[in-house]
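See structure below.
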Amino acid sequence: MKALSCLLLLCSFPLLAETGFQPVSGSEYLSPQMREMQEDDFANPGMETVDYGRELFHRVDEEGHRCAECHGEEGRGLNLARIASYPIYDPEQERPITLQDQVNICREERMDNFPLVYDCKELVGLETYLKYLARGQVIAVQTDGPMKPFYEEGKRLYHQRFGQMEMACFLCHDQHRGAWLRGQRLNQGQSNGFPVYRLSTSRITSLHRRFSECLASFRAEPFLPGSDEYINLEVYVNARGNGLKIETPAIRD
Amino acid sequence: MRSFLLLLGMGGLAHGGADAYLDWEMRDYAIEQPLGGLKGDAARGRAIARDRSRGNCLACHRMPIPEEEFHGTLGPSLHGIGSRLTEGQIRLRIVDQKQLNPMTIMPGFYRNPRYFNRVADEYEGRTILTPQEVEDLVAYLVTLKGGKE
């Protein structure tokens with residue numbers, strides 16, 4: 001608990017300081033009908049993944065363990081504010097770990113089980129369930145101290161041009177935010193609704209998959225889910241949204 | 001900067017699959033000579049501007065193409081662009097807008113691929129458009145006369 005309050009004190013609001021604008025959730029760009037769908041648990045198709053994650057959380061695994069054994073039924077023992085501050089620096093691995101990494105650490109160290117492949121169905125399901133439990137929590141990613149080099153590297157990637165079209169994240173999500181790219185409104189590329197359910201593809205979409213979709217759209221070779229590049233980008237992108245509330249599972253086009 | 005001459009393009013490419021890159025010359029922020037001496041066709045140019053897998057200009061620009069919905073607003077309207085810019089100025093903006101504005105979001109449709117970083121395999125060593133497609137677009141854009149919409 002002490003560590004957490006230090007962490008909250010340390011975290012800053014980088015987007016405002018760097019760009020002069022406040023973070024705005026992607027949900028603010030939705031049509032009223034889609035917002036309604038997102039906010040109604042009975043209509044939100046992302047709830048299917050939440051239910052799947054809930055089932056995994058309570059299911060006894062091959063080694064006889066369940067997440068709920070340590071974290072309580074319905075995750076009542078979880079520190080929800082902490083869930084809103086991932087990626088968190090792990091002194092043992094000397095790098096930031098994401099929520100999916102943390103699930104794997106629990107599996108290996110406490111459940112005596114194999115780690116799962118990054119962004120596989122199970123990890124995305126558990127991540128969706130955990131973030132859903134933390135809905136409404138304020139995002140607070142640490143950007144200084146040991147996190148600084150990773151944050152800076154993520155920021156560098158965010159401003160680097162990639163692919164045949166030589167696009168960079170900041171061009172669409174900072175410089176031209178609010179403009180129309182054909183029929184799509186450019187939002188700030190915030191991560192507070194992830195994993196999101198996309199109506200155009202009828203599937204739950206993890207943050208790393210969304211990074212890959214943006215990169216592929218300008219004909220760049222995506223990085224791998226769980227790669228250092230994507231984890232550093234996640235540090236930067238999540239921290240850009242410090243102050244926003246978690247809205248998982250959000251609905252998008 | 002007047003009469004300042006810049007030579008760009010380094011000729012042949014390291015990667016197979018695409019045609020050799022054609023040199024071009026920028027003078028006074030314009031490319032006067034058609035790429036490869038090719039002649040453009042305005043009707044084909046209009047089709048390329050609409051085509052999402054080729055020019056896809058409508059992603060960012062409003063153009064007098066009323067049969068398509070949802071023109072983008074990232075870039076300026078191209079209504080009347082042929083009255084505001086010369087043919088050579090239009091050609092440079094399609095070929096490599098970064099010569100004018102290094103920070104632009106507009107892709108260089110005939111930029112030298114050796115500048116590209118981490119291109120997906122299938123596009124490695126390739127320009128976005130062929131010289132003929134660029135000339136077709138130029139031929140189309142010069143016909144857009146009149147005021148901004």
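Small disclaimer: the values here were computed from a predicted structure and weren't measured. Quick note on labels: first sequence line is chain A, next is B, and so on, each numbered from 1.
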Segment of [X] engaging chain B (4.5 angstrom heavy-atom cut-off):
X	result
F170(A)	side chain
M167(A)	side chain
L215(A)	neither

Exercise. Considering only heavy atoms and a distance below 4.5 Å, find which of A216(A), C172(A), A220(A) pairs most often with chain B.
Key: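 The candidate making the most pairs under 4.5 Å is A220(A).
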
Self-check item: Crowding at CZ, F114(A) (>12 non-hydrogen neighbours, <6.0 Å)
Solution: no

Quiz item: Which pair of heavy atoms, one from L181(A) and one from C60(B), lies closest together, and at what distance?
Solution: CD1-SG, 4.0 Å

Interchain donor-acceptor contacts below 3.5 Å (chain B, chain A):
| from | atom 1 | to | atom 2 | distance (Å) |
| --- | --- | --- | --- | --- |
| S53(B) | O | R219(A) | NH2 | 3.3 |
| A59(B) | O | R182(A) | N | 2.7 |
| E68(B) | OE1 | R182(A) | NH2 | 2.8 |
| E69(B) | O | R182(A) | NH2 | 3.2 |
| F70(B) | O | R182(A) | NE | 3.0 |
| T73(B) | N | W180(A) | O | 2.8 |
| T73(B) | OG1 | W180(A) | N | 2.8 |
| K98(B) | NZ | E166(A) | OE1 | 3.2 |
| P102(B) | O | R161(A) | NH2 | 3.0 |
| T104(B) | O | R161(A) | NH1 | 3.3 |
| T104(B) | O | R161(A) | NH2 | 2.8 |
| R111(B) | NE | E166(A) | OE1 | 2.6 |
| R111(B) | NE | E166(A) | OE2 | 3.2 |
| R111(B) | NH2 | E166(A) | OE2 | 3.3 |
| N117(B) | O | G163(A) | N | 2.7 |
| N117(B) | ND2 | R161(A) | O | 2.8 |
| R118(B) | O | E221(A) | N | 2.9 |
| R118(B) | NE | E221(A) | O | 2.7 |
| R118(B) | NH2 | E221(A) | O | 3.4 |
| R118(B) | NH2 | P222(A) | O | 2.9 |
| A120(B) | N | R219(A) | O | 3.1 |
| D121(B) | N | E221(A) | OE1 | 3.3 |
| R126(B) | O | Q164(A) | NE2 | 3.0 |
| T127(B) | O | Q164(A) | NE2 | 3.1 |

Quiz prompt | Interface moiety of M106(B) toward chain A, non-hydrogen atoms closer than 4.5 Å | solution = neither

